[in-house]
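Read the structure below first, then the notes.
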Protein chains: 2
Amino acid sequence: MSETRNRIISATNELFRVHGYHGTSLSEISKAAAATIGSIYHFFPGGKESLTVAVIKSTGAIYRELFEMIAAEAADPTAAFVDFFEGAAAVLTESDFLDPCPIGTIAREVASTNDVIRLAAREAFESWIDAAAHQLTSAGVRSEVAHDLAILFVATLEGSFIISRTQRSVEPMLAAGRRMAPLIDAAVEDGLRSRSD
Amino acid sequence: MSETRNRIISATNELFRVHGYHGTSLSEISKAAAATIGSIYHFFPGGKESLTVAVIKSTGAIYRELFEMIAAEAADPTAAFVDFFEGAAAVLTESDFLDPCPIGTIAREVASTNDVIRLAAREAFESWIDAAAHQLTSAGVRSEVAHDLAILFVATLEGSFIISRTQRSVEPMLAAGRRMAPLIDAAVEDGLRSRSD
DNA sequence: GTCTATAATTTGATAGAC
DNA sequence: GTCTATCAAATTATAGAC
């Protein structure tokens, strides 16, 4: 992997978190990555679109791994979800309320106009949903229920970024996580009960 | 209220739903609204920023009223929330998965760079949270719990728009609503029980 | 792989006639 | 209130030297 290529992806990721897709220009990326426009087109011949796909894949993989790490260390299945919300709240605070996830913003900006980027975002979200659902099925939750709850988890996480960022407060993020917890608990208990029938 | 002014707000609203804030230009707005750039600056001397604030206020009020209408007609408190998710799913289908809410996208695009727009978005979201919380407290839910659940409702709604639009499917939206329902039910039952103590 | 130069278009915004 | 003309700056993208 090229050093410059990584620098371009990383700088673009940061800029997307602040300004979104249409608000970020190639010249800003060039400056932030300390790479010329020519270099950007060398590594991403498809221009801004293919660079964006690379950013989405990178962030998608990183967050999936983060969830799995947190889940592995969590005391119980529900804790994994609550811990992830708390981690997200910490990221918000430390970054002075930058968007923790560039994918959500980009997805909304181009979902109706760019299928290549839309499908990259879809794949990232689905990998998170799969990871969260797997965490639940492992704890005995029926796969249909687990999948629905995993969707609810990712959707709530993304939506909480919006509310917390507009308020510049982590309270909405924490409230959402806190109130979702009993739902996960109930599903796990229900799964265990039906298993012991 | 001026006819032209309304046309500009309405056209901008539609364009924001497709392309977001930075992806929508004044020339596109001018064309879609059948009004010249000069007219736009006549009604919105603050330019794109103040036009955006007007769009957010307009959409914010419309959705708040919609929620209250649905809540008034709902069979029980929980039904209001589920009905709203189903209504949002219907909007997605009918519009071929245009963003039902321009505010969420814009908020994420400019939350870190434009305080005027950020605060307008915050006010819109808070009016929805208040409306949802009021629906719950009226049903006997303690106000702290009601507020948290109202946040969860709005966050989940916004997040579901992202997942459903990237998948071009209303299933995520419906799954989120469906799985959130028991949570509302439990809070209402809990509120009634503590009241009869 | 990196760089500069540049093409062609579009951006938000303003001025001033009508 | 509406219109045209126009500004300076920025946009994505390409060409071609090194």
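Naming: A, B, ... by sequence-line order, numbering from 1 per chain.
Side-chain contact between A:Arg5 and A:Phe44: present, with at least one pair of heavy atoms (C-beta onward) separated by less than 4.5 Å. Residues B:Gln135 and B:Phe81 have side chains in contact (heavy-atom distance under 4.5 Å, counting atoms from C-beta outward).
Between B:Pro100 and the options B:Leu157, B:Thr59, B:Leu92, a side chain to side chain contact (heavy atoms under 4.5 Å, CB included) holds for only B:Leu92. Of the residues B:Ile9, B:Thr12, B:Val53, the one that meets the side chain to side chain contact (heavy atoms under 4.5 Å, CB included) test with B:Ser58 is B:Ile9.
Atom CD of A:Glu49 is surrounded by more than 12 heavy atoms from other residues, nucleotides or ligands within 6.0 Å.
Look at A:Glu28 and A:Lys31 and you find no salt bridge, because none of the NZ, NE, NH1 or NH2 atoms lies under 4.0 Å from a carboxylate O.
Along DNA chain D, the stretch of nucleotides lying under 4.0 Å from any heavy atom of chain A spans, 5' to 3', D:dT11 to D:dT14.
Using a 4.0 Å cutoff on non-hydrogen atoms, the parts of residues 14-28 of chain A near DNA chain D are A:Thr24, A:Ser25, A:Leu26, A:Ser27, ordered by number. Near DNA chain C, meaning a heavy atom under 4.0 Å from it, residues 40-52 of chain A has A:His42, A:Phe43 in order of number.
When heavy atoms are screened at a 4.0 angstrom cut-off, B:Thr4 is found touching the sugar-phosphate backbone but no base atom.
In this structure a side-chain-to-backbone donor-acceptor pair under 3.5 Å is missing from A:Thr166 to B:Ala121.
Among all heavy-atom pairs drawn from A:Ala176 and A:Thr156, the shortest one is CB-CG2, 3.8 Å.
Note: A:Trp128 and A:Phe67 fail the aromatic proximity criterion, with ring centroids not under 6.0 Å apart.
The aromatic rings of A:Phe84 and A:Phe153 lie perpendicular to each other, with more than 60° between the two planes, well past the 30° mark.
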